[in-house]
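Below: one structure, written as structure tokens.
For this chain, numbers begin at 1 and follow the sequence in order. Just so you know, these numbers use all the heavy atoms, side chains as well, and skip hydrogens, waters and symmetry mates. Everything numeric in this text was worked out from a predicted model, so none of it was measured.
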Amino acid sequence: MYKLIDKKFYDFYTTKFTFVYILFLFFVSLLSIIFTYQLVLKIPYLVDEYSNIIISNIPFGYGPLIENLYNGNGYIKLWNGSDNYLSRLPFLPIFETLLLKFTLNIYLFLLIKNLLFFSLYFYFAYLYSNTQNKSHICFLFLTSIIFYNIYNLSTNLNFIFADAFIGIWLPTIFLILSTKFHYKNFVLGLMLFFIYLTKTTMFFPTLTISILYIYFEKDILLKKRFVPIFFLTLSIIVWGSFAYLKTGVFAFGSKISSDNQEALHIVMNQNFHKYYPKISVDLIPRNKTKIIFENEWDNYEYYKKLNNEYFENNKLRVLKDTFIKVKFIFFNIRKDS
């Protein structure tokens, strides 16, 4: 069993860094409890009087799906008049369902989730510092930098959207890429596998990382460098096959989620720049369709047609809105809506 554990992982628990890790856990726990209290105040309908999560009220379309999973009714939800299997990627719903099976208490639920994911980052920050012969100051800097940005921190402490997981995983991946350890290929591949199944916008980053890894990772045998892209391919096949079995369409690329075009329709709007980022774009007045779709791909094609028409007729506005988003992502110093 010892051989399956990287020696540096063993050393981690037998050195003075154990004390640092305990402080780290305490700090994350404190932040998690404070954040959960604020979240409940902000979204009171998320929990009942006993602070138990009301699963159906989890926002962004996850609630009904997770509720069905929790009750053993399968990976399905009713949306826009039809059964939907692919409106949400599976990692978040499945992971949170398993955690909810353990506890419905929102404080304990978020505490466990945050301790798990922040610990993952902590370990690879330590491993990076150690294998790169960096100083203890470097290690302390890496473990603290993840807390400096309040906006990112509040996102990482959350659980109601995919960025709550991606925000921890992406910096962890870049630490892994810069670290030498025995199971690097396997761990990187496993993380790319799950990240692909977490958020639709991760399609290109996961593909880019796995391809560039083959070219730039010179210290590992060529055949081993293909392990991450193998895991990513496996992830694509698993989700695509599930989609094909349920809907007759292999989910890939822009069709990785049947909800993509409807979500895009929110920003394909003349009023987008009047709301984003100060006011939630969900509040933009728009005519909701009264069409009852036969299946989720009819819904996809309907909104795709509307989006294409909007783009053709409003190219300048789309370009300006793109600059607004770029400005917010890279230069914004205020909290968004």
Side chain to side chain donor-acceptor pair (under 3.5 Å) assessment of Ser119 paired with Tyr21: CA-CA 8 Å; Ser119 291; Tyr21 181 53; 2.9 Å; yes
Parallel, tilted or perpendicular: rings of Phe250 and Phe252 (30°, 60°): tilted
Ring centres under 6.0 angstrom apart (Tyr123, Phe181): no
Nearest-0.5 Å distance that lies between atom CG in Asn269 and atom CG in Leu306: 11.0 Å
Sidechain-backbone polar pair: Thr247 side chain, Tyr244 backbone, donor-acceptor under 3.5 Å: no
Test item: Thr143 and Ile146 side chains (from C-beta on) under 4.5 Å apart, heavy atoms: no
Ile214 reachable from Leu212 in the ILVMFWY side-chain graph, under 4.5 Å edges: no
Cation-pi check, Lys113 onto Phe165 ring (under 6.0 Å, within 45° of axis): yes
Phe35 and Gln38, any side-chain heavy atoms less than 4.5 Å apart: no
Heavy-atom side-chain contact between Leu190 and Phe231 under 4.5 Å: yes
Mutual orientation of the aromatic rings belonging to Tyr196 and Phe203 [parallel < 30°, tilted 30-60°, perpendicular > 60°]: tilted
N/O donor-acceptor pair under 3.5 Å between Lys77 side chain and Asn68 backbone: no
Salt bridge Lys325-Asp321, side-chain N to carboxylate O under 4.0 Å: no
Flag side-chain contact, heavy atom, 4.5 Å: Lys184 against Ile176: yes
Check: Leu116 and Leu120 side chains under 4.5 Å, non-hydrogen atoms: no
Mutual orientation of the aromatic rings belonging to Phe194 and Trp169 [parallel < 30°, tilted 30-60°, perpendicular > 60°]: parallel
salt_bridge(Lys255, Glu301) N-O dist < 4.0 Å: yes
Phe230 ring center near Phe226 ring center (under 6.0 Å): no
Phe95: which of Phe117, Phe159, Phe109, Phe102 passes ring pair (Phe, Tyr, Trp, His ring centres under 6.0 Å): Phe117
Check: Leu142 main-chain N/O paired with Tyr121 side-chain donor or acceptor under 3.5 Å: yes
Centroid-centroid under 6.0 Å between Tyr128 and Phe174 rings: no
Side-chain heavy atoms of Leu157 within contact of Leu110, under 4.5 Å: no
Identified side chain to side chain donor-acceptor pair (under 3.5 Å) counterpart of Tyr300 within the set Ser254, Ser257, Ser258: Ser254
Side chains of Val187 and Phe124 in contact at under 4.5 Å (non-hydrogen atoms): yes
Donor-acceptor under 3.5 Å (Arg317 side chain, Tyr310 main chain): no
Test item: Leu86 and Trp239 side chains (from C-beta on) under 4.5 Å apart, heavy atoms: yes
